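Below is one structure, written out as structure tokens; comments come after it.
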Amino acid sequence: MNKIKPRLIRGFKDYLPKELLPKKALLNLIIEIYERYGFSPLETPALEYKEVLLGYGSEAEKQIYQFEDPEGNEVGLRFDLTVPLSRVIAMYKDLPKPFKRYQIQPVWRYDKPDPGRFREFIQCDIDIIGSASMDADTEILAVMYEILSRLELNFKIRINNRKILNAIVIAANISEDKTLDVFRTIDKLDKVGLKGVVQLLGKGRKDQSGAFIPGIGLNQIQIQKITEFIRYEGNNREEVLQFLEKSLQGVSIGLEGIEELRQIHKNLEALGIKEHVVIDPSLARGLDYYTGPIFEAVLIDAPRFGSVMGGGRYDHLIEIFTGEHTPATGASIGIDRLLAALAYLKKIETRNSVADVLITVMVPEKKIEYFKIATQLRNAGIKTTLYMGKSVSISKQLKYADRLGIPIAVIIGPDEFEKNQITIKDLRKGAVLSTIIKERKEWLEKKPGQITVAKEEFVERIKELVKNQDGKL
RNA sequence: GCCGGGGUAGCUCAGUGGUUAGAGCGCCUGACUGUGGAUCAGGAGGUCACGGGUUCGAGUCCCGUCCCCGGUACCA
């Protein structure tokens with residue numbers, strides 16, 4: 001028989017329990033917070049009509065997985081969650097507005113896979129549709145702030161405003177068609193540094209591999225005007241606002257943007273959010289649809305992972321579908337990046353099993369008794385697995401628990417059955433001891449983390465042990 | 001998309017055109033009285049990415065394809 005060669009489609013990925021367990025824990029935390037802020041869940045189909053997907057323009061076309069379905073419809077996999085959201089807003093006109101929703105679903109993009117970047121990935125979006133108020137932007141920021149705080153991370157949320165960036169471009173006397181190029185270049189500040197940005201705004205630069213990247217071709221005066229803003233660092237939000245007010249006098253779009261940030265600033269003060277959220281005139285973000293405040297979160301202790309959350313206001317996007325002015329603001333969490341950063345910061349636990357308890361089986365004839373014990377633990381809400389392998393060796397079974405990362409083993413052999421007792425073993429304690437103990441005899445005698453208790457109390461004792469885990473995800 | 005480097009055991013990698021392709025780790029079995037780790041003894045595991053070519057002979061040289069890595073561009 002010809003074996004089928006097992007292989008994955010390029011850019012796609014399996015999630016084994018070891019990776020999926022922390023990912024699900026993180027998603028649960030995110031959902032809990034989204035809902036606590038009153039965002040309701042929304043799900044939409046993976047497939048949309050191509051016409052819908054291309055609603056925002058055809059630049060997207062080459063990145064969409066598309067095909068003709070058996071009925072002859074031109075369809076494609078969604079590449080983001082904003083397009084389906086817009087369609088929903090346009091289709092269900094009786095939805096009370098402002099409409100607050102979260103959506104956590106996979107999207108597909110046919111672009112080059114990179115380490116940590118796949119063609120199928122999950123987006124975790126929150127958006128508020130139908131509110132032009134800065135209160136909506138504040139709420140989005142508050143959610144981002146709360147998630148990062150709950151993860152006990154050292155983070156910074158940078159905020160800026162597209163109106164301010166537009167004003168800078170106007171103040172620097174740069175032609176309108178170059179606006180977006182300028183924004184994208186500013187967006188590279190973290191990556192290439194101020195010097196690199198200056199080169200890219202002007203003639204261009206050579207990268208590490210020696211390749212030449214052409215610049216935008218601005219003149220010295222224009223470049224200087226831009227750098228004046230992006231190199232500015234204030235001590236607090238108020239200081240940055242005053243700097244901007246002074247520098248953008250007379251550019252009305254800029255003053256409008258500053259006023260918006262001032263309102264957000266006041267709201268944040270009222271919420272007690274101060275140092276972690278900063279106004280940063282150098283924040284640009286690459287997307288062209290942003291119209292107002294924009295935000296981005298970075299982890300100070302893991303800067304190489306880049307932004308882990310981002311978003312902003314997009315007041316003109318949804319009207320492409322609705323035909324009427326529909327202001328909107330929102331944000332998205334880069335869950336894979338965030339997870340990678342958490343792993344790097346050693347803030348996630350990696351195990352191959354969800355189970356907290358393995359019940360070892362030494363006397364197969366008494367399997368009904370073992371099942372009853374498993375049931376007792378399960379009824380108490382403890383994730384329990386009963387050994388199902390063929391070995392009756394306790395050694396094998398403990399090794400099985402060890403390899404799966406199951407922290408607690410329950411041992412019931414002839415002695416325990418006779419005395420109506422149960423032995424509970426905390427494998428984490430042994431793991432610590434094993435680095436010290438060199439003699440097998442001593443190892444066996446120590447029986448680390450092991451207690452034998454009356455059957456009546458074993459559920460309670462295990463509950464305590466399960467609770468006693470560190471605060472990792 | 002473009003430039004560069006790579007693909008040999010589950011993992012990390014050695015292997016000058018010349019016998020039957022190796023190592024370390026991991027895995028499996030056993031010993032050490034009903035206890036993970038350590039130790040000891042044994043074992044399994046390979047289409048040398050795939051296809052073609054050169055050659056008496058290819059893991060090794062050449063071409064193509066696929067995939068991975070680094071850089072760059074793009075990223076709703």
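A note on names: the letters A, B, ... follow the listed sequences, proteins ahead of strands, and every chain is numbered from 1. The shown structure was predicted, so the numbers you read here are calculated from the model rather than taken from an experiment.
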Which base, if any, makes a Watson-Crick or G-U wobble pair with [N], both distances under 3.5 Å?
| N | result |
| --- | --- |
| C66(B) | G7(B) |
| G1(B) | U72(B) |
| A44(B) | none |

Mark yes or no for a side-chain to base donor-acceptor pair under 3.5 Å between [X] and [N], with no hydrogen or angle criteria applied.
| X | N | answer |
| --- | --- | --- |
| K429(A) | G37(B) | no |
| R109(A) | C74(B) | no |
| Q450(A) | U35(B) | yes |
| E442(A) | G37(B) | no |
| K112(A) | U72(B) | yes |

Strictly below 4.0 Å, N to O, side chains only: are R101(A) and D127(A) in salt-bridge contact?
yes

Under 4.0 Å between a Lys/Arg side-chain N and an Asp/Glu carboxylate O for K463(A) and D356(A)?
no

Could you tell me whether the phosphate oxygens of G36(B), OP1 or OP2, come under 4.0 Å of any side-chain nitrogen or oxygen in S395(A)?
yes

Please check the phosphate of G36(B) (OP1 and OP2 only) for any side-chain N or O of R440(A) closer than 4.0 Å.
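Yes, because at least one side-chain N or O of R440(A) sits under 4.0 Å from OP1 or OP2 of G36(B).
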
Y15(A) ring centre to K13(A) NZ or CZ under 6.0 Å, with the angle to the axis within 45°?
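Cation-pi check for K13(A) and Y15(A): passes.
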
Mapping F79(A) and G11(A) onto RNA chain B by nearest heavy atom, which one lands closer to the 5' end?
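On the 5' side of the pair lies G11(A).
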
In terms of the nearest nucleotide of RNA chain B, which residue is placed more toward the 5' end: E416(A) or T82(A)?
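The answer here is E416(A).
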
Could you give the [atom1]-to-[atom2] distance, from [X] to [N], as a whole number of Å?
| X | N | atom1 | atom2 | result |
| --- | --- | --- | --- | --- |
| I436(A) | G36(B) | CD1 | P | 17 Å |
| I437(A) | G37(B) | CD1 | P | 13 Å |
| I422(A) | G34(B) | CD1 | C1' | 16 Å |
| D426(A) | U35(B) | CG | P | 19 Å |
| I9(A) | C68(B) | CD1 | C1' | 17 Å |

Distance between [atom1] atoms of [N] and [M] (Å, rounded):
| N | M | atom1 | result |
| --- | --- | --- | --- |
| G37(B) | U20(B) | P | 39 Å |
| G52(B) | A58(B) | P | 13 Å |
| A21(B) | G46(B) | P | 13 Å |
| G42(B) | C32(B) | C1' | 16 Å |
| C11(B) | G26(B) | C1' | 7 Å |
| G10(B) | U72(B) | P | 34 Å |
| G59(B) | U16(B) | P | 12 Å |
| C61(B) | G17(B) | C1' | 8 Å |

In Å, rounded to the nearest 0.5 Å, how long is the span from CE of M309(A) to CE of M144(A)?
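Taking CE in M309(A) and CE in M144(A), the distance rounds to 6.0 Å.
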
Rounded to the nearest 0.5 Å, how far does OH of Y34(A) lie from CD1 of I31(A)?
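It comes to 9.5 Å.
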
Answer yes or no: does atom CD of E324(A) have more than 12 heavy-atom neighbours from other residues, nucleotides or ligands under 6.0 Å?
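Atom CD in E324(A) is crowded, with more than 12 foreign heavy atoms closer than 6.0 Å.
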
Take atom NZ of K203(A) as the centre, draw a 6.0 Å sphere, and report whether it contains more than 12 heavy atoms from other residues, nucleotides or ligands.
no

Check the geometry between W443(A) and G37(B) and answer yes if their rings are stacked (centres below 5.5 Å, planes below 30°), otherwise no.
yes

Taking the six-membered ring for Trp, are Y110(A) and Y65(A) parallel (under 30°), tilted (30 to 60°) or perpendicular (over 60°)?
perpendicular

With the side chain of R117(A) defined as its heavy atoms from C-beta on, choose the nearest nucleotide among C75(B), G34(B), U35(B).
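Looking only at side-chain atoms, R117(A) lies closest to C75(B).
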
When you compare the protein's N or O atoms with those of nucleotides 28-31 of chain B, which come within less than 3.5 Å of each other, and at what distance?
{"residue": "C28(B)", "atom": "OP1", "partner": "R403(A)", "partner atom": "NH1", "Å": "3.0"}
{"residue": "G30(B)", "atom": "OP2", "partner": "K396(A)", "partner atom": "NZ", "Å": "2.5"}

Is it the case that S282(A) and R158(A) place a side-chain donor and acceptor less than 3.5 Å from each other?
yes

